[in-house]
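Following: one structure in structure tokens, then a few remarks.
Since this is a predicted model, take the numbers as computed values, not measurements. Per chain, numbering begins at 1; letters A, B, ... match sequence-line order.
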Amino acid sequence: MIESLVAGFSIIMHWEPLLAIVAGSVVGLVIGTIPGLTSTMAVALMLPLTYDLEFVTAIMLLVGAYKGGIFGGSITAILLNTPGTPASFCTVLDGYSLTKQGKGVKALKMAKYSSVIADVFSDIVLIAIAAPLAAIALKFGPPEIAMLILFSLTVVAGVAGKSMIKGLIAGGAGLLLACVGLDPIFAVRRFSFDVVHLDGGISLIPLLIGLFALSEVIFQLGRKSRTEADQFTIKHSPLPEDNRVSWLEFKQSFRTITRGSIIGTAIGIIPGIGVGIASFLSYARAKAASKNPDEFGKGSLEGIAASESGNSAVVGATFIPLLTIGIPGDIITAVMMGAFLIQGFTPGPLLFLNHATLIYAIFIGFFICDIVYFVIGTLFMKYAAYLSKVPRKYLFPIVMIFCVVGSYAIQQSLFDIGTMVVFGILGFIMTKFKFATAPLLIAFILGPIGETALRQSLLMSGGSLNIFFTRPIACAFLIVTVFSLIGIIRGIIKKSKVTCD
Amino acid sequence: MVFMKKAPAVFVILTLSIFFLFGSTQSADAAWPEKPIKVYITFPAGGSTDIAARSLGPGLEKALGQQVVFINKPGGTGTVAFSILAGEKPDGYTLTVGVNSAIIWNPIVRKIPYKPLADFTPIICFGTAPTGISVRSDAPYQTWQAFVDYAKKNPGKIKYGTTGAVSIFTAGMKYASKELGLKMIHIPYRGSMPAYTSLLGGHVEAVVSDSKFSEYVKAGKLTLLAAFTKERIPDYPDTPTLIELGINLHNNVGMYSLFGPAGMDPAIVKKLEDAVISSFDTKSFKKMAKSFMFETYEIRNKELVAKFEQEWKKNEKTLMDLGMAKKAATPPK
Amino acid sequence: MQPLNKERIIAASVLISVLIVLFYIIPTYIETSEEYHATGLSPAFFPNIATIFIGALAVLFLSLTFIKRWAHFFNSEGESWLSPTEEMKAGLSCAIIVGYLLALKYVGYLIATPPVILGLFFLQGERNIVKSIIITLVVTIGIYFLFQNLLNVQFPQGKLFK
């Protein structure tokens, strides 16, 4: 492993990858900071830019955008009470309260420290675990993959937004939509409706841009300007202690940061879950374990530390299933998988076998990203407020054009723009009726992988379900799935009892 | 401002009218190509078709003097791109690089909204990458005969993976099973990498797929049992072809060709044929050819059209014999 | 109307869609035949399972709305949504976007984009014509160059001009 690290180091220490890291981080920060634009969008829209780049440069550009986007979202969350990405929903709670008290910079700094520490933690885990895991990953045949996806989908179900039933319905819809195209086992047309463009299935990126970005744009285009949204002045307290994080304050939050890092990493490893849930769980656990739970929501630094460490630790970890088994850890890694494939590299255990040096170069790049956005983040925070001053009435029409052109650019297809618009409208309607949209997307991504694996397994076993019990890894995942289902059901029963009292 | 936008259109109309007035097709072609050429690629970026197609780029641009823009239009194993091509103008500015299977194989199995032998001008077939059957190098059968014997002694236990549910790879192995009376389980995969991954992980015993086996054979992890080609693969002189082994089927559809919509001007077709052949000498093509063990062909338009007619009939019979198609799902013309 | 009844209608609509999918769309649009036997699972298997799953959830949801104990779940206000006028504005913007798509197909990017941007600005309340036009032109041309030169994307040219 050491030689690979050294070899990887020499690959990444060139101006192209390094420039890509900086450029990606800046673009990510900018896009993340603008309310309504998410880090997912940042990565999806930058994907076409990577076609002509070298592999490592391309991936670093996207990783920079990913990490920058998450942090950018935190900046708007804290300063403007608007989460820039789903990852920063929890940061808003305490961040904005602190800003109102004039302590915005303190909040930002705490966010930055927690994020970087958690990021480095998960990157270390990534490097440590990835290679050994890749060796085991070859043992993951169709039955194991099928059970893993089953487990992931179960956990996703368990945290599917406010209304779990509606979230599950959205997930089911995602599974159904994923069936459009050719059947993976018999190459038979499903739901093609005689439209030739659907023979290849619904394109992921236009669906993603539509569901997450365009739906938000439509919403914002409808809203009349409300006075607070247009109010840009941010109070800055002149007292020095309000503008930095003291060592004592940092020490108090250290346990929270550690806990958040672990939670984030653990969640990132399981395919399908992703940043929003990680930050939420970290926040919830931190509140439960804190000495001052009532502070949470009113301006608790611990709250910020919890949320930020949770959402940053996920990033490195989501690459683990992608690079070792070839299954994306979340929506953004699914987009990244596209980047890998375009470069001609199929993520999975064979990638480690054949191109270990490139992978290690990317790992080192992750660390460099962390350093870069630590530095840039500080500079950026000063100017961040100006960015969000772009008047809404100009911003969202322009974002709409980006959505349209971005979806078109992937395959130069007007049909893709149509797909994007359809899902934009669908996303808008879903949000109106309080259906969470993320489960739809996760099911859309993981569903086909799971279905193919399941059917291949049944072919292998001649139709018998035994194969999932006789193979140790598959059986293990099955058992874990059952436990997690039990846990979820207990959680629902508890929730219903508690609220009703 | 709208008027200014119409100006280029007016100019083009004027130019064309002048050419028509002079009534000489020769001078119109001498001018072709006058603007960049769009080439659709039927598979996603990064795949072998994509790389093979793009490797022609520099050579084409040099020969034709215009920019060549490659656009990926994946889907339906090539059928989406061809459906789009069928509706384009045969002016030589919109072309497609694809695998012949979208013309002489898939339409037999599945109804496709174009007429494979009538809606296109097959300009030139420029080559193919070899395909074969591989097993793990630590398996107890290291030759084709040993594998067949093992399969006969253990009916229903050998699992083989192929790329694609109704592809030529699947047909090949099914044909072999039928001829030799073997009972094996077929596992279709989406793409060759998942298939090879499964093979290396021990989840299937054999894989019939594209040339990606070579890096694993070189690394000593896989053994190539037989080549699914017409003649032995130059890089693997000791590996017999299935034909030599008595299985009279080879991969006749995995070849890359350049297509245009039907009704293209023969002069333009000839220019393109020559341009592609001249690209064989470029660095980018040679690099691709070496890494893919590419076998270069120069099957020009006239020959290619006749070949397609022949192969269509042959494939129709094969697929019907194997029960993979009842009759041609799509009428060829 | 009462939030509870609204939720019931939503659940009922989901249920009806499920039935349509299950009994019409799946049989019509998935080519199946008896050859697709149990081991590989028929192509319609997964779609059917997913649809039945959604249907079961809809039924569950509907039943829960009738249980008094769970009523508070459905009456919660949650985040603020748009007022009816705002929704109309959103709908109008949607119509403009769909129109944009059609326009792109027939007249191409350079002609379709400026009126759309101007229209949306106007809808958003911008009345300063000069400012609007300047921003529109900058954005249209800026995006054009960004994608055309950086990414080699050929923008739609418009069917009318071919």
Checklist entry - Got a second to check how far C/K89's NZ is from A/F219's CZ, nearest 0.5 Å? => result 11.5 Å
Item to check | Least distance between heavy atoms, C/P43 atom then A/R190 atom | outcome: O-NH1, 2.7 Å
Next on the checklist: Could you tell me if the side chain of C/F46 sits less than 4.5 Å from the side chain of A/L454, heavy atoms only?
Outcome noted: yes
Item to check | Part of C/I49 within contact of chain A (heavy atom distance under 4.5 Å) | outcome: neither
Item to check | C/V116 portion near chain A, given a 4.5 angstrom heavy-atom threshold | outcome: side chain
Item to check | Reported CZ-to-OG distance for the pair A/F433 and C/S13, which is rounded to 0.5 angstrom | outcome: 7.5 Å
Checklist entry - Top residue by heavy-atom pair count (under 4.5 Å) with chain A, among C/F45, C/F53, C/F121? => result C/F121
Next on the checklist: Can you tell me which portion of A/Y408 sits under 4.5 Å from chain C's heavy atoms? Options are side chain, backbone, both or neither.
Outcome noted: side chain
Checklist outcome for this item: Here the pair of heavy atoms bringing A/L175 nearest to C/A50 is CB-CB, 4.0 Å
Item to check | Which atom of A/I425 lies closest to which atom of C/C94, heavy atoms considered | outcome: CG1-SG, 3.8 Å
Checklist entry - Most heavy-atom pairs under 4.5 angstrom with chain A, which of C/T113, C/L101, C/L104? => result C/L101
Item to check | Which atom of A/K166 lies closest to which atom of C/E7, heavy atoms considered | outcome: NZ-OE1, 2.8 Å
Checklist entry - Which answer fits A/F435, side chain, backbone, both or neither, if we ask what part of it has an atom under 4.5 Å from a heavy atom of chain C? => result side chain
Item to check | Heavy-atom check, side chain of A/Y394 versus side chain of C/E126, under 4.5 Å | outcome: yes
Checklist outcome for this item: Rounding to 0.5 Å, atoms CD1 (A/I401) and CD1 (C/I143) come to a distance of 6.0 Å
Next on the checklist: Within this structure, what is the CZ-CD1 distance for the pair A/F191 and C/I25, rounded to the nearest 0.5 Å?
Outcome noted: 7.0 Å
Item to check | Side-chain touch A/K434/C/I10, heavy atoms, less than 4.5 angstrom | outcome: no
Next on the checklist: For A/L19, I'd like to know if atom CG has over 12 heavy atoms of other residues, nucleotides or ligands within 6.0 Å.
Outcome noted: yes
Checklist entry - What are the two closest heavy atoms between C/V21 and A/L176, and how far apart are they? => result CG1-CD2, 4.2 Å
Checklist entry - Do A/V405 and C/Y109 come close enough that some side-chain heavy atom pair is under 4.5 Å? => result yes
Item to check | C/Q124 (side chain) donor-acceptor with A/L221 (main chain) under 3.5 angstrom | outcome: yes
Next on the checklist: Between A/T431, A/L214, A/V422, A/V421, who has the most heavy-atom pairs with chain C when the cutoff is under 4.5 Å?
Outcome noted: A/T431
Item to check | side-chain contact (heavy atoms from CB on, under 4.5 Å), paired with A/P397, selected from C/I135, C/L118, C/L120, C/T136 | outcome: C/L120
